[in-house]
Amino acid sequence: MRVVATFAEVRTQVRGDVGLVPTMGFLHEGHLSLAQAARSTNDTVVMSLFVNPLQFSEDDDLDSYPADLARDAELAEAAGVDILFAPAPDEVYPSGPVTSVRVGGLENAMEGASRPGHFAGVALVVVKLFAGTQPDRAYFGRKDAQQLAIVRRMAADLSFPIEVVGCPIVREISGLALSSRNSYLSQDERRAAEVLSRGLMAAADAAEAGERSARSLTDVVWTAVGAEAAIDLEYAVLASADDVEPLDQLDRPAFLALAARVGPARLIDNVHFDGADGRFVADRGIRLEQPSVLYRNVLAADDQRRGA
Ligand code: AMP
(Lines give C-alpha, C1' and ligand atoms only; values in the text may rest on other atoms or scores of the structure.)
Protein backbone atom coordinates (compact mmCIF):
# COMPACT_ATOMS: atom_id res chain seq x y z
CA MET A 1 0.00 0.00 0.00
CA ARG A 2 1.21 3.49 -0.83
CA VAL A 3 0.43 6.59 1.20
CA VAL A 4 0.17 9.65 -1.06
CA ALA A 5 -0.77 13.27 -0.51
CA THR A 6 -1.73 14.63 -3.95
CA PHE A 7 -4.46 13.98 -6.49
CA ALA A 8 -1.78 13.71 -9.21
CA GLU A 9 -0.05 10.86 -7.36
CA VAL A 10 -3.34 9.00 -7.05
CA ARG A 11 -4.05 9.35 -10.76
CA THR A 12 -0.60 8.16 -11.84
CA GLN A 13 -0.59 5.14 -9.53
CA VAL A 14 -4.00 3.57 -10.21
CA ARG A 15 -4.59 0.88 -12.82
CA GLY A 16 -7.74 -0.80 -14.12
CA ASP A 17 -11.05 -0.25 -12.37
CA VAL A 18 -10.76 2.10 -9.43
CA GLY A 19 -12.89 1.93 -6.27
CA LEU A 20 -12.83 5.01 -4.02
CA VAL A 21 -13.66 4.93 -0.30
CA PRO A 22 -13.90 8.47 1.10
CA THR A 23 -13.40 8.73 4.89
CA MET A 24 -12.40 11.20 7.57
CA GLY A 25 -10.07 8.64 9.10
CA PHE A 26 -9.78 7.16 12.59
CA LEU A 27 -10.89 3.97 10.92
CA HIS A 28 -13.19 1.33 12.30
CA GLU A 29 -14.85 -1.78 10.88
CA GLY A 30 -17.54 0.34 9.15
CA HIS A 31 -14.90 2.04 7.00
CA LEU A 32 -13.06 -1.25 6.53
CA SER A 33 -16.24 -2.95 5.26
CA LEU A 34 -16.40 -0.30 2.51
CA ALA A 35 -12.76 -1.05 1.59
CA GLN A 36 -13.54 -4.78 1.49
CA ALA A 37 -16.54 -4.16 -0.77
CA ALA A 38 -14.32 -2.05 -3.04
CA ARG A 39 -11.64 -4.77 -3.00
CA SER A 40 -14.07 -7.40 -4.27
CA THR A 41 -14.95 -5.52 -7.51
CA ASN A 42 -12.04 -3.21 -8.43
CA ASP A 43 -8.40 -3.53 -9.52
CA THR A 44 -7.28 -0.57 -7.40
CA VAL A 45 -8.76 0.50 -4.06
CA VAL A 46 -8.17 4.12 -3.10
CA MET A 47 -9.14 5.24 0.39
CA SER A 48 -9.10 8.95 1.17
CA LEU A 49 -8.50 10.25 4.69
CA PHE A 50 -9.47 13.86 4.94
CA VAL A 51 -11.19 15.69 7.78
CA ASN A 52 -13.06 18.18 5.62
CA PRO A 53 -13.22 21.52 7.47
CA LEU A 54 -16.04 22.76 5.22
CA GLN A 55 -18.55 20.27 6.61
CA PHE A 56 -17.98 21.30 10.24
CA SER A 57 -19.63 24.36 11.75
CA GLU A 58 -18.12 26.44 14.56
CA ASP A 59 -20.00 24.40 17.19
CA ASP A 60 -18.76 21.08 15.78
CA ASP A 61 -15.80 18.98 16.83
CA LEU A 62 -13.31 19.77 14.02
CA ASP A 63 -10.46 20.56 16.42
CA SER A 64 -10.94 17.46 18.53
CA TYR A 65 -11.78 15.00 15.71
CA PRO A 66 -9.60 11.92 16.32
CA ALA A 67 -6.65 11.39 13.97
CA ASP A 68 -3.84 8.82 13.80
CA LEU A 69 -2.33 8.24 10.35
CA ALA A 70 -0.02 5.36 11.38
CA ARG A 71 -2.94 3.50 12.98
CA ASP A 72 -5.19 4.11 9.95
CA ALA A 73 -2.46 3.01 7.51
CA GLU A 74 -2.08 -0.33 9.28
CA LEU A 75 -5.85 -0.97 9.28
CA ALA A 76 -6.32 0.17 5.68
CA GLU A 77 -3.52 -2.04 4.40
CA ALA A 78 -4.95 -5.09 6.18
CA ALA A 79 -8.35 -4.37 4.55
CA GLY A 80 -6.81 -4.43 1.08
CA VAL A 81 -6.42 -0.72 0.32
CA ASP A 82 -3.81 -0.07 -2.41
CA ILE A 83 -3.53 3.70 -2.15
CA LEU A 84 -4.18 5.71 0.99
CA PHE A 85 -4.74 9.30 -0.06
CA ALA A 86 -4.14 11.62 2.91
CA PRO A 87 -4.04 15.16 1.52
CA ALA A 88 -3.33 18.34 3.46
CA PRO A 89 -6.12 20.95 3.36
CA ASP A 90 -4.10 22.98 0.80
CA GLU A 91 -4.20 20.12 -1.70
CA VAL A 92 -7.98 19.91 -1.51
CA TYR A 93 -8.59 23.65 -1.15
CA PRO A 94 -5.62 25.42 -2.81
CA SER A 95 -7.67 28.60 -2.73
CA GLY A 96 -10.81 29.36 -0.76
CA PRO A 97 -13.45 27.85 -3.07
CA VAL A 98 -16.08 30.20 -4.48
CA THR A 99 -17.85 27.35 -6.30
CA SER A 100 -20.64 25.67 -4.40
CA VAL A 101 -22.56 22.46 -4.94
CA ARG A 102 -26.08 22.33 -3.50
CA VAL A 103 -28.35 19.34 -3.75
CA GLY A 104 -31.75 21.01 -3.46
CA GLY A 105 -34.38 19.84 -1.03
CA LEU A 106 -32.41 16.70 -0.15
CA GLU A 107 -30.36 18.91 2.19
CA ASN A 108 -33.31 20.34 4.10
CA ALA A 109 -34.39 17.78 6.68
CA MET A 110 -32.59 16.06 9.54
CA GLU A 111 -28.81 16.63 9.40
CA GLY A 112 -29.30 19.57 7.03
CA ALA A 113 -31.66 21.24 9.49
CA SER A 114 -29.45 20.49 12.52
CA ARG A 115 -26.13 21.36 10.87
CA PRO A 116 -26.54 24.33 8.49
CA GLY A 117 -23.93 24.24 5.70
CA HIS A 118 -22.92 20.65 6.46
CA PHE A 119 -24.10 19.15 3.17
CA ALA A 120 -22.70 22.00 1.08
CA GLY A 121 -19.32 21.05 2.55
CA VAL A 122 -19.91 17.33 1.97
CA ALA A 123 -21.08 17.81 -1.64
CA LEU A 124 -18.11 20.01 -2.52
CA VAL A 125 -15.50 17.66 -1.10
CA VAL A 126 -17.11 14.62 -2.75
CA VAL A 127 -17.16 16.41 -6.12
CA LYS A 128 -13.47 17.24 -5.64
CA LEU A 129 -12.62 13.65 -4.68
CA PHE A 130 -14.56 12.32 -7.68
CA ALA A 131 -12.96 14.79 -10.10
CA GLY A 132 -9.47 14.46 -8.63
CA THR A 133 -9.29 10.66 -8.32
CA GLN A 134 -11.63 9.64 -11.18
CA PRO A 135 -12.94 6.38 -9.72
CA ASP A 136 -15.26 3.92 -11.48
CA ARG A 137 -17.10 3.18 -8.23
CA ALA A 138 -17.39 5.00 -4.92
CA TYR A 139 -18.42 3.37 -1.65
CA PHE A 140 -20.50 5.04 1.04
CA GLY A 141 -22.11 3.71 4.23
CA ARG A 142 -25.85 3.61 4.88
CA LYS A 143 -24.85 4.89 8.32
CA ASP A 144 -25.03 8.37 6.73
CA ALA A 145 -28.26 7.69 4.86
CA GLN A 146 -29.01 11.31 3.96
CA GLN A 147 -25.44 11.79 2.73
CA LEU A 148 -25.73 8.65 0.58
CA ALA A 149 -28.95 9.93 -1.02
CA ILE A 150 -27.33 13.33 -1.63
CA VAL A 151 -24.19 11.84 -3.18
CA ARG A 152 -26.24 9.55 -5.45
CA ARG A 153 -28.37 12.44 -6.66
CA MET A 154 -25.41 14.79 -7.09
CA ALA A 155 -23.45 12.17 -9.10
CA ALA A 156 -26.47 11.62 -11.37
CA ASP A 157 -27.23 15.33 -11.80
CA LEU A 158 -23.61 16.14 -12.67
CA SER A 159 -23.23 13.06 -14.96
CA PHE A 160 -20.27 11.61 -13.11
CA PRO A 161 -19.63 8.19 -14.74
CA ILE A 162 -19.29 6.70 -11.27
CA GLU A 163 -21.36 3.97 -9.65
CA VAL A 164 -22.26 5.00 -6.10
CA VAL A 165 -22.42 1.87 -3.93
CA GLY A 166 -24.26 1.95 -0.57
CA CYS A 167 -23.06 -0.50 2.11
CA PRO A 168 -24.81 -1.76 5.31
CA ILE A 169 -24.21 -0.23 8.73
CA VAL A 170 -21.63 -2.06 10.82
CA ARG A 171 -22.53 -2.18 14.52
CA GLU A 172 -20.71 -2.99 17.74
CA ILE A 173 -21.60 -6.22 19.58
CA SER A 174 -24.20 -4.22 21.51
CA GLY A 175 -25.83 -2.87 18.35
CA LEU A 176 -24.39 0.65 18.69
CA ALA A 177 -23.52 1.88 15.18
CA LEU A 178 -19.77 2.24 14.75
CA SER A 179 -18.58 5.82 14.55
CA SER A 180 -15.16 7.39 15.04
CA ARG A 181 -16.98 9.60 17.56
CA ASN A 182 -17.72 6.55 19.76
CA SER A 183 -14.09 6.96 20.85
CA TYR A 184 -15.19 10.12 22.74
CA LEU A 185 -17.56 8.10 24.97
CA SER A 186 -16.92 6.73 28.44
CA GLN A 187 -17.97 3.14 29.05
CA ASP A 188 -21.13 4.34 30.80
CA GLU A 189 -22.00 6.68 27.94
CA ARG A 190 -21.41 3.89 25.43
CA ARG A 191 -23.72 1.61 27.40
CA ALA A 192 -26.39 4.34 27.55
CA ALA A 193 -26.05 4.92 23.78
CA GLU A 194 -27.06 1.31 23.08
CA VAL A 195 -30.65 2.42 23.53
CA LEU A 196 -30.46 4.22 20.16
CA SER A 197 -30.05 1.06 18.11
CA ARG A 198 -32.48 -0.78 20.41
CA GLY A 199 -35.13 1.84 19.59
CA LEU A 200 -34.45 1.55 15.85
CA MET A 201 -34.55 -2.26 15.97
CA ALA A 202 -37.88 -2.14 17.83
CA ALA A 203 -39.24 0.20 15.13
CA ALA A 204 -37.90 -2.20 12.47
CA ASP A 205 -39.79 -5.05 14.16
CA ALA A 206 -42.98 -2.95 14.22
CA ALA A 207 -42.64 -2.04 10.52
CA GLU A 208 -42.04 -5.64 9.53
CA ALA A 209 -45.13 -6.60 11.56
CA GLY A 210 -47.19 -4.19 9.45
CA GLU A 211 -46.99 -0.78 11.16
CA ARG A 212 -46.95 1.92 8.45
CA SER A 213 -47.53 5.14 10.36
CA ALA A 214 -44.38 7.28 10.60
CA ARG A 215 -45.71 8.75 13.83
CA SER A 216 -46.09 5.30 15.40
CA LEU A 217 -42.66 4.18 14.20
CA THR A 218 -40.88 7.29 15.46
CA ASP A 219 -42.83 7.02 18.76
CA VAL A 220 -41.26 3.60 19.25
CA VAL A 221 -37.84 5.27 19.06
CA TRP A 222 -38.79 8.23 21.31
CA THR A 223 -40.18 5.85 23.95
CA ALA A 224 -37.13 3.57 23.92
CA VAL A 225 -34.67 6.44 24.09
CA GLY A 226 -36.76 8.35 26.63
CA ALA A 227 -35.98 5.60 29.16
CA GLU A 228 -32.31 6.64 29.17
CA ALA A 229 -31.75 9.96 30.92
CA ALA A 230 -28.18 10.33 29.61
CA ILE A 231 -29.38 10.59 25.99
CA ASP A 232 -30.77 13.72 24.40
CA LEU A 233 -32.64 12.66 21.25
CA GLU A 234 -32.59 15.49 18.68
CA TYR A 235 -34.84 13.95 16.06
CA ALA A 236 -36.35 10.70 14.86
CA VAL A 237 -37.69 11.00 11.30
CA LEU A 238 -38.94 8.61 8.61
CA ALA A 239 -37.79 9.83 5.19
CA SER A 240 -37.89 8.62 1.61
CA ALA A 241 -34.61 6.90 0.69
CA ASP A 242 -34.70 8.48 -2.73
CA ASP A 243 -35.30 12.19 -2.10
CA VAL A 244 -35.10 12.42 1.72
CA GLU A 245 -38.64 13.87 1.94
CA PRO A 246 -40.13 13.24 5.39
CA LEU A 247 -42.97 10.68 5.11
CA ASP A 248 -46.25 10.23 7.00
CA GLN A 249 -46.49 6.61 5.94
CA LEU A 250 -43.98 3.88 5.16
CA ASP A 251 -45.10 3.38 1.57
CA ARG A 252 -41.80 3.37 -0.37
CA PRO A 253 -38.12 2.58 0.28
CA ALA A 254 -37.24 4.74 3.28
CA PHE A 255 -35.05 5.13 6.31
CA LEU A 256 -35.89 5.92 9.90
CA ALA A 257 -33.07 8.13 11.14
CA LEU A 258 -32.14 9.69 14.45
CA ALA A 259 -29.54 12.00 15.93
CA ALA A 260 -28.75 12.21 19.63
CA ARG A 261 -26.32 13.80 22.01
CA VAL A 262 -24.55 11.48 24.41
CA GLY A 263 -21.99 13.16 26.66
CA PRO A 264 -19.46 14.87 24.38
CA ALA A 265 -20.63 13.15 21.18
CA ARG A 266 -23.40 13.72 18.68
CA LEU A 267 -24.33 10.37 17.16
CA ILE A 268 -26.51 9.40 14.20
CA ASP A 269 -28.02 6.06 13.27
CA ASN A 270 -30.82 4.71 11.12
CA VAL A 271 -32.58 1.65 9.81
CA HIS A 272 -33.32 1.32 6.10
CA PHE A 273 -36.52 -0.24 4.72
CA ASP A 274 -36.86 -1.81 1.31
CA GLY A 275 -40.28 -2.78 0.13
CA ALA A 276 -42.23 -4.29 -2.70
CA ASP A 277 -45.96 -5.08 -2.82
CA GLY A 278 -46.50 -3.30 0.49
CA ARG A 279 -44.15 -5.62 2.41
CA PHE A 280 -41.12 -4.00 3.99
CA VAL A 281 -37.86 -5.56 5.08
CA ALA A 282 -35.49 -3.73 7.40
CA ASP A 283 -31.72 -3.64 6.92
CA ARG A 284 -30.55 -3.95 10.52
CA GLY A 285 -26.89 -3.85 9.52
CA ILE A 286 -24.05 -6.16 10.52
CA ARG A 287 -22.93 -6.81 14.11
CA LEU A 288 -19.33 -7.34 15.11
CA GLU A 289 -18.59 -10.46 17.11
CA GLN A 290 -15.66 -8.89 18.97
CA PRO A 291 -14.83 -5.43 20.34
CA SER A 292 -14.13 -2.86 17.64
CA VAL A 293 -10.62 -1.78 16.68
CA LEU A 294 -11.71 1.61 18.05
CA TYR A 295 -11.06 0.24 21.54
CA ARG A 296 -7.85 -1.63 20.75
CA ASN A 297 -5.69 0.73 22.83
CA VAL A 298 -8.14 0.78 25.72
CA LEU A 299 -8.28 -3.03 25.77
CA ALA A 300 -4.49 -3.33 25.48
CA ALA A 301 -4.09 -0.93 28.41
CA ASP A 302 -6.55 -3.03 30.45
CA ASP A 303 -4.58 -6.18 29.64
CA GLN A 304 -1.34 -4.50 30.63
CA ARG A 305 -2.85 -3.34 33.96
CA ARG A 306 -4.12 -6.84 34.66
CA GLY A 307 -0.74 -8.36 33.75
CA ALA A 308 1.20 -5.83 35.86
P1 AMP B 1 -16.70 9.19 8.04
O2 AMP B 1 -15.26 8.89 8.23
O3 AMP B 1 -17.50 9.16 9.30
O4 AMP B 1 -16.95 10.41 7.20
O5 AMP B 1 -17.29 7.98 7.19
C6 AMP B 1 -16.74 7.63 5.95
C7 AMP B 1 -17.64 6.62 5.27
O8 AMP B 1 -17.80 5.48 6.11
C9 AMP B 1 -19.07 7.16 5.02
O10 AMP B 1 -19.52 6.69 3.76
C11 AMP B 1 -19.84 6.56 6.14
O12 AMP B 1 -21.22 6.40 5.85
C13 AMP B 1 -19.17 5.22 6.30
N14 AMP B 1 -19.40 4.70 7.64
C15 AMP B 1 -19.16 5.33 8.82
N16 AMP B 1 -19.56 4.55 9.85
C17 AMP B 1 -20.07 3.42 9.30
C18 AMP B 1 -20.65 2.24 9.85
N19 AMP B 1 -20.80 2.05 11.14
N20 AMP B 1 -21.05 1.28 8.98
C21 AMP B 1 -20.93 1.45 7.64
N22 AMP B 1 -20.39 2.54 7.07
C23 AMP B 1 -19.97 3.52 7.89
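Since this is a predicted model, take the numbers as computed values, not measurements. When a ligand or atom number is given, it counts from 1 through the structure's own listing order.
Here Phe7 pairs with Phe85 under the ring pair (Phe, Tyr, Trp, His ring centres under 6.0 Å) rule; sequence neighbours left out.
Between Glu172 and Arg287 there is no salt bridge, since no side-chain nitrogen of the basic residue lies less than 4.0 Å from a carboxylate oxygen of the acidic one.
No side-chain heavy atom of Phe119 sits less than 4.5 Å from a side-chain heavy atom of Leu124.
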Checklist line | Trace of the side-chain hydrogen bond (donor to acceptor under 3.5 Å, both in side chains) decision for Glu111 with Tyr235 | finding: CA-CA 9 Å; Glu111 290 304 281; Tyr235 65 73; 2.5 Å; yes

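Grouping Ile, Leu, Val, Met, Phe, Trp and Tyr by side-chain contacts under 4.5 Å, direct or through others, leaves Ile169 on its own.
A salt bridge (Lys or Arg N to Asp or Glu O under 4.0 Å) check over residues 210-225, counting only residues at least two apart or in different chains, returns the pairs Arg215-Asp219.
Protein residues lining ligand 1, listed by chain and number: Pro22, Thr23, Met24, His28, Gly30, His31, Leu34, Phe140, Gly141, Lys143, Asp144, Gln147, Pro168, Ile169, Val170, Leu178 [non-hydrogen atoms, distance under 4.0 Å].
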